[in-house]
Novice: 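Below is a structure I'd like to ask you about.
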Amino acid sequence: MWMILPITVWLLTGSVMDIRNRRVPIWLLLTGGILSLTVIFFQCVISGREVVDILKGMLPGTGLLLVAFVTKNAGYGDGIALLCLGIVLGGGKSLLLLGLSLFLISIFSLTMLVTRKAGRNTGIPYFPFLTGAWLIVVASGSV
């Protein structure tokens, strides 16, 4: 539970930067990676977490990175952030995080389209919705 606050601060910082600049700086992604590796180290040492669960948690982030590489429409930073969070959460919870974030961004996108404030090709930052999904998962006590 000690990991929730630093990860939340990291996500909030990334969200602000993604909204303002439409990109997340490399130093922030590296910070998230170091934070994730630190959490994993302590989880493995203290609670004996299995490597298979960590690898399952990496799947959604790896998938998003693959989509970003193939289509050039998704951001690499978003995939790296999801990868870092998946490492911390594990298999099922990382899929929950991905699903919730996609649900939140789809509701926002639909609202923007219906109110005609955005078009079909309008870019929307993903990091804030990833943060919202993280807060929902944390509030539900799944972490």
Side-chain angles (χ1 to χ4, degrees), residues 1-114 118-143:
M1 296 311 132
W2 55 271
M3 67 181 174
I4 294 173
L5 184 61
I7 292 174
T8 303
V9 169
W10 173 69
L11 284 168
L12 289 172
T13 304
S15 295
V16 169
M17 291 182 173
D18 199 13
I19 290 169
R20 285 186 181 170
N21 306 325
R22 298 284 186 187
R23 44 183 72 243
V24 180
I26 292 173
W27 66 265
L28 189 69
L29 295 173
L30 287 173
T31 303
I34 292 168
L35 183 62
S36 297
L37 292 176
T38 305
V39 169
I40 276 304
F41 174 75
F42 284 110
Q43 284 180 343
C44 288
V45 169
I46 294 171
S47 64
R49 188 162 168 216
E50 294 182 16
V51 174
V52 174
D53 188 44
I54 296 168
L55 293 175
K56 286 180 186 177
M58 293 172 67
L59 287 176
T62 305
L64 189 56
L65 282 172
L66 184 63
V67 167
F69 180 74
V70 171
T71 66
K72 307 292 187 222
N73 286 334
Y76 291 104
D78 302 328
I80 292 170
L82 188 57
L83 188 69
C84 292
L85 293 174
I87 288 170
V88 171
L89 291 175
K93 294 173 190 169
S94 67
L95 284 174
L96 175 64
L97 184 73
L98 175 64
L100 279 171
S101 64
L102 292 176
F103 177 73
L104 293 173
I105 201 167
S106 67
I107 296 297
F108 178 80
S109 300
L110 184 64
T111 303
M112 296 299 284
L113 285 170
V114 167
R120 240 176 75 170
N121 298 322
T122 304
I124 300 171
Y126 178 67
F127 228 89
F129 300 98
L130 193 58
T131 304
W134 167 261
L135 292 172
I136 291 170
V137 169
V138 167
S140 70
S142 296
V143 176

Novice: Could you work out, with side chain to side chain contact (heavy atoms under 4.5 Å, CB included) as the rule, every residue matching L113, not counting sequence neighbours?
Specialist: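 Side chain to side chain contact (heavy atoms under 4.5 Å, CB included) list for L113, sorted by chain: empty.
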Novice: Considering only residues two or more places apart or on different chains, which pairs with a residue in residues 30-62 satisfy ring-ring contact (aromatic ring centres under 6.0 Å, His included)?
Specialist: W2-F42
Novice: Show your working on side chain to side chain contact (heavy atoms under 4.5 Å, CB included) between L11 and I7 and close with a plain yes or no.
Specialist: CA-CA 6 Å; L11 284 168; I7 292 174; 4.0 Å; yes
Novice: Can you sort out the partners of L95 under side chain to side chain contact (heavy atoms under 4.5 Å, CB included), two or more places apart, ordered by chain and number?
Specialist: P60
Novice: Could you measure the distance from the CG atom of L35 to the SG atom of C84? Nearest 0.5 Å is fine.
Specialist: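 It comes to 8.5 Å.
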Novice: Look up atom CG in L55 and atom CD in E50, then write down how far apart they are to the nearest 0.5 Å.
Specialist: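 The CD atom of E50 is 11.0 Å from CG of L55, to the nearest 0.5 Å.
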Novice: Just to verify, what does L100 make a side chain to side chain contact (heavy atoms under 4.5 Å, CB included) with, not counting sequence neighbours?
Specialist: L96, A133, I136, V137
Novice: Hey, could you give me each pair passing side-chain hydrogen bond (donor to acceptor under 3.5 Å, both in side chains) that has a residue in residues 33-44? Not counting sequence neighbours.
Specialist: Q43-R49
Novice: So, taking the atom named CD1 in I87 and the one named CG in L37, what distance separates them when rounded to the nearest 0.5 Å?
Specialist: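 The CD1 atom of I87 sits 6.0 Å away from the CG atom of L37.
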Novice: Identify, with sequence neighbours excluded, every residue that meets side chain to side chain contact (heavy atoms under 4.5 Å, CB included) alongside T122.
Specialist: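 By the side chain to side chain contact (heavy atoms under 4.5 Å, CB included) rule, T122 matches A118.
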Novice: So which pairs with a foot in residues 52-88 pass ring-ring contact (aromatic ring centres under 6.0 Å, His included), sequence neighbours left out?
Specialist: none
Novice: Show the nearest heavy-atom pair for residues D18 and P128, with the distance to one decimal.
Specialist: OD2-CD, 4.0 Å
Novice: I'd like to check the side chain to side chain donor-acceptor pair (under 3.5 Å) partners of S15; sequence neighbours left out, ordered by chain and number.
Specialist: T131
Novice: Do S106 and L102 make a side-chain contact, defined as non-hydrogen atoms from C-beta onward lying under 4.5 Å apart?
Specialist: no
Novice: Kindly indicate, with the supporting measurements, whether the criterion side chain to side chain contact (heavy atoms under 4.5 Å, CB included) is fulfilled by L97 and K93.
Specialist: CA-CA 6 Å; L97 184 73; K93 294 173 190 169; over 6 Å; no
Novice: For the residue pair T8 and I4, what are the closest heavy atoms and their distance?
Specialist: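 That would be OG1-O, 2.7 Å.
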Novice: Partners of T62 by side chain to side chain donor-acceptor pair (under 3.5 Å), sequence neighbours excluded?
Specialist: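 Expected list: none.
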Novice: Tell me the closest heavy-atom pair linking A81 and L29, and the distance in Å.
Specialist: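 Shortest heavy-atom separation between A81 and L29 comes out as N-CD2, 4.5 Å.
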Novice: Return the set of residues passing side chain to side chain donor-acceptor pair (under 3.5 Å) with S101 (not counting sequence neighbours), or none when no residue passes.
Specialist: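 If we apply the side chain to side chain donor-acceptor pair (under 3.5 Å) test to S101, skipping adjacent residues, the hits are Y126.
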Novice: Tabulate below the donor-acceptor pairs under 3.5 Å that side-chain atoms of residues 19-28 make, not counting sequence neighbours, or state none.
Specialist:
| from | atom 1 | to | atom 2 | distance (Å) |
| --- | --- | --- | --- | --- |
| R22 | NH1 | G123 | O | 3.1 |

Novice: W10 vs F127 aromatic rings, parallel, tilted or perpendicular, using cut-offs 30° and 60°?
Specialist: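 The rings of W10 and F127 stand perpendicular, inter-plane angle above 60°.
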